[in-house]
Amino acid sequence: MKTVQKTLLTLLFIAPLFLVAQQLDQQIPANVQAVATVNGEELFSAYSVDKFNTSKLGQEIIKELKRDLPNFNGIQDFGIDLDKKGHFYYQMEGEVSYFSFLLAIDDYEQFSNFFAKVTDLEEVENWEGKTIMIERDVTLIFDQQTLQICFSDLPYDYIDRHEEELSKKYPNLEGYELRREVSKDLISSQAKRNYASRQSITSNRSYKSSHDKNADASVWIKNYGGLMNDYYQAIYGYQFNFDNASSDLPDLSKMGIGAMSANLYFNDGNMQIKSEMEFSDALKSSMKKIYKQKMNKSFYNYVNLDTALGYMTYSLNTENMMQEYPNLLVDMYGGVLPGYQEEMDVVAELFTTLIDEKAIGELLTGNALFVMEDIGEKEVAYVTYEYDEEYNEKKVTKKKKEILPDFTMILGTKRKDLATKLAKLGVKYDVMTGSANRFKLNASSDIPLDLYMLLTNDAIILSTRENGLGGRAQGTSSATKKRIDQSGMIWHVNMQKIMQRAPLEELGMDGKSIELINKNFKSATLSSSKIKGNTVSSEFKVSAPDSSTNSLQLLMDFFEDVM
Amino acid sequence: MIKKSIYICCLGLLIICSSCFEIIEEVSLNDDGSGHVNLTLNLSRSKTKINSLRLLDSINDYKVPTETEFKKEFEEMVRQVKATAGIVAVSYDMNFDDYIFTLSCDFSDIDALNKVITKFNPDKAASNGVAQKHFSFDRSNKVFKRDYPYDVAKEFNKVKMEDREVLENASMTTIYRFLSPIKSAKNAQAKISGSRKAIMLKVSAKDLISQQKSIKNQIILQ
């Protein structure tokens with residue numbers, strides 16, 4: 001099957017495995033909207049080409065390609081330089097989205113041989129010493145060192161919207177033929193412009209600073225809102241234009257989110273994704289106020305996060321959030337939906353008028369901790385019937401065991417007095433029982449577990465353990481506390497502890513899955529920083545049980561096991 | 001957002017806990033064919049799961065009804081039962097703490113009883129007001145029959161795989177009382193009381209579906 005589509009699919013699939021040479025990214029034009037890079041040197045030093053070829057995934061690729069290429073023995077036979085960085089970039093030019101690959105060629109003869117056999121790009125020409133191949137949706141330009149592939153799919157209504165201009169340029173063509181020629185010309189022109197571009201993305205400060213050359217893979221987006229807007233226009237633009245309602249189409253580029261980047265690392269013992277998102281000055285100002293909060297130290301008296309099965313923490317300033325919400329509404333959505341700016345202003349003013357930000361901020365400060373402490377069998381009462389010898393029924397209460405979680409939730413407050421009044425109101429209306437500062441939520445409430453509440457001077461504590469309420473835990477490490485202080489939000493799951501504690505087989509998990517998780521995962525953490533400058537950083541980290549494990553090897557082995 | 005996150009964490013676990021329920025059908029029959037019926041749906045064993053489900057909008061593509069919606073539906077059914085000819089003294093109870101729901105009434109004859117039971121069947125017969133023949137009573141020969149006008153296995157096959165577990169753990173108990181002693185009963189699984197004036201039969205939904213057991217019975221009175 002010699003088709004362009006197949007070639008492209010193959011390249012799309014294998015591109016993430018390849019890399020190009022010195023500073024290949026200097027050939028990426030400055031006007032791109034997004035760049036993704038895969039660092040072959042890093043990846044293949046951690047997981048060799050030979051290993052990849054013998055993996056199930058590698059074997060599938062080889063098996064597929066051997067149908068056309070009997071001598072194809074592995075991904076090295078593409079002729080691409082696997083020890084170099086490979087790039088993928090996206091551009092939006094005059095309503096058309098272009099996608100390009102930039103890869104280094106290792107063995108030109110091998111590469112040419114491979115392409116000659118798997119493609120049927122009929123138009124081949126020489127252009128400034130390069131070979132250029134053109135098809136309807138794709139253009140390839142390559143020489144002895146580099147390969148550039150540019151492809152696109154014209155917007156559905158492109159021909160209709162440019163009918164007059166195109167009928168002059170292509171007087172003898174119409175329908176499919178016209179679309180085919182227009183597409184070929186646009187893509188090949190774009191590919192040539194990209195190749196000849198003198199201005200590189202490497203001169204872009206945002207790209208340069210966010211792109212870590214030691215990362216195994218990286219993504220950089222020039223303007224996240226702009227990219228989303230391009231996507232939204234591509235999906236819905238035709239319909240809005242058709243309805244003559246293009247002014248109603250939300251402009252997502254005005255949402256206030258700028259550059260975004262992410263770097264992926266396969267370290268010893270863990271896999272890590274670090275990302276950064278840049279916000280507009282208006283959003284920065286609001287977010288700085290919202291994140292101006294530190295976790296109450298006293299919370300650590302009630303729970304030990306280091307022995308927990310998992311936890312979530314949030315450190316936000318509720319009062320500031322309430323105050324900033326109207327601004328965010330106007331800044332973010334006013335720009336996105338310009339036709340509704342007046343409505344946004346009214347909603348924002350009404351919000352400010354109706355909400356007492358200070359009172360809410362004092363009742364719930366914005367610090368919150370949710371800790372999954374245990375999971376296991378608990379006795380639960382239920383009602384059933386017994387019968388005497390004449391089958392007269394008698395209602396009896398019996399107990400059965402169910403698998404239930406134990407958790408504690410702590411919410412910061414400055415208004416113990418108001419929280420107590422609310423709790424007493426709950427007692428009055430039978431939602432809970434108790435007095436002073438200890439309460440129990442009635443089983444008939446919406447919570448499917450026994451839930452106890454303790455009110456302290458600075459916290460509302462809800463827990464499934466009555467005896468666990470109040471000053472029982474010590475031991476959360478200073479490292480964990482420091483990480484929480486530096487973060488706006490953290491989600492942490494300790495897989496090893498869950499595997500130890502949860503009756504997994506009773507929950508329907510089979511032995512193979514249990515073994516796979518035990519072997520490969522220790523914990524997973526997602527955290528988000530407070531805003532620094534205009535940037536919020538996030539980190540997602542998955543740790544392996546053994547800190548010396550090659551995490552890429554582990555990931556590939558995991559896929560081997562599940563495939 | 002925090003509340004939602006917590007629910008998501010806990011619910012995943014709670015929802016997969018097994019559940020079960022029981023249906024109890026109790027009929028006291030007078031010699032003239034009139035009597036009293038008491039129907040109970042007891043979901044108490046599954047209350048943890050139901051409490052969890054109530055936090056969701058839908059499960060397995062089914063909308064989870066709110067307490068108000070459930071009450072409204074149940075009360076509508078009670079209204080229809082009350083409006084049935086030959087039915088009096090209708091009473092009902094909805095216990096949302098233990099999830100036990102009961103409905104009882106007096107019936108003047110077996111036909112009226114059949115109409116009441118038909119109300120609980122979600123097929124066309126119920127909406128058309130046509131009574132299905134669940135019970136029959138031959139006064140002259142003193143023969144009381146419990147029938148079941150459905151192919152349970154066929155109905156079960158229509159249920160989605162992921163929903164079947166709920167039904168597999170369910171059970172149905174029938175208790176029938178008479179003024180005259182029972183001479184014999186056709187269903188060997190049914191147990192006759194010491195005074196021989198009551199008979200009880202408990203069948204799991206699993207056995208009912210696999211047709212290993214049945215709630216059908218023919219009881220001959222002395």
Side-chain angles (χ1 to χ4, degrees), chain A residues 309-314 316 364 366-372 375-378 380-385 387-393 395-409 411 430 442-450 462 464 489 491 493 498 502-503 506-509, chain B residues 1-3 5-22 24 26 28 38 40 42-56 66-67 95-100 102 165 171 173-177 190-202:
Chain A
L309 271 55
Y311 60 82
M312 292 187 282
T313 75
Y314 292 87
L316 305 170
L364 293 170
N367 277 343
L369 208 61
F370 173 77
V371 188
M372 183 74 82
I375 191 169
E377 285 189 336
K378 276 190 171 186
V380 179
Y382 69 95
V383 174
T384 187
Y385 299 93
Y387 303 91
D388 63 17
E389 63 276 10
E390 286 303 312
Y391 305 138
N392 295 305
E393 68 181 28
K395 218 182 226 185
V396 290
T397 301
K398 290 189 174 180
K399 290 196 168 177
K400 65 168 190 155
K401 289 194 168 173
E402 283 190 4
I403 298 159
L404 294 170
D406 264 325
F407 64 84
T408 295
M409 183 165 72
L411 304 167
D430 281 340
N442 288 336
S444 58
S445 69
D446 274 352
I447 306 296
L449 299 152
D450 283 341
L462 292 157
T464 51
M489 175 278 286
W491 286 36
V493 178
I498 290 175
E506 283 179 38
L507 291 173
M509 196 180 266
Chain B
M1 184 182 175
I2 296 169
K3 190 179 170 191
S5 307
I6 292 162
Y7 282 168
I8 290 165
C9 286
C10 298
L11 284 180
L13 184 64
L14 292 168
I15 285 166
I16 52 178
C17 298
S18 63
S19 64
C20 55
F21 63 88
E22 58 183 331
I24 303 161
E26 225 176 325
S28 300
N38 190 73
T40 304
N42 180 7
L43 299 158
S44 178
R45 270 185 85 108
S46 305
K47 68 178 176 184
T48 310
K49 183 168 183 174
I50 296 167
N51 278 332
S52 312
L53 295 179
R54 285 179 57 195
L55 302 174
L56 300 175
T66 62
E67 194 173 308
N95 173 349
F96 283 96
D97 290 341
D98 290 314
Y99 296 106
I100 299 174
T102 58
E165 188 197 343
S171 72
T173 302
T174 63
I175 300 169
Y176 306 128
R177 303 177 198 287
K191 291 175 185 168
I192 301 171
S193 72
S195 68
R196 299 195 70 83
K197 288 186 174 177
I199 186 166
M200 182 168 85
L201 175 62
K202 187 171 183 177

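Only this structure's heavy atoms are used, side chains among them; waters, hydrogens and symmetry mates stay out. Residue numbers begin at 1 in each chain, while the letters A, B, ... track the order of the sequences.
Interface residue Glu389(A): only backbone heavy atoms are found under 4.5 Å from chain B. With a 4.5 Å cut-off on non-hydrogen atoms, Tyr387(A) touches chain B through its side chain but not through its backbone. Residue Asp388(A) does not touch chain B at all, counting heavy-atom pairs closer than 4.5 Å. If you measure heavy-atom distances from Val380(A) to chain B, the contacts under 4.5 Å come from the side chain alone.
The main-chain N or O of Glu390(A) is found under 3.5 Å from a side-chain atom of Arg177(B) such that the two form a donor-acceptor pair. A donor-acceptor pair is defined here as one N or O able to donate and one able to accept, closer than 3.5 Å; no such pair exists between the side chain of Asp98(B) and the backbone of Tyr382(A).
When Asn95(B), Ile175(B), Thr173(B) are compared by the number of non-hydrogen pairs under 4.5 Å with chain A, Ile175(B) comes out ahead.
With sequence neighbours excluded, the residues that form a side chain to side chain contact (heavy atoms under 4.5 Å, CB included) with Leu43(B) are Phe21(B), Leu41(B), Ile50(B), Tyr99(B), Phe101(B).
The minimum heavy-atom distance linking Glu26(B) with Tyr391(A) is given by the pair OE2-O, 4.5 Å. Of all heavy-atom pairs between Thr384(A) and Asn42(B), the closest is CA-ND2, 3.7 Å.
Note that NZ of Lys395(A) and CD1 of Ile100(B) are 4.5 Å apart. Values are rounded to the nearest 0.5 Å.
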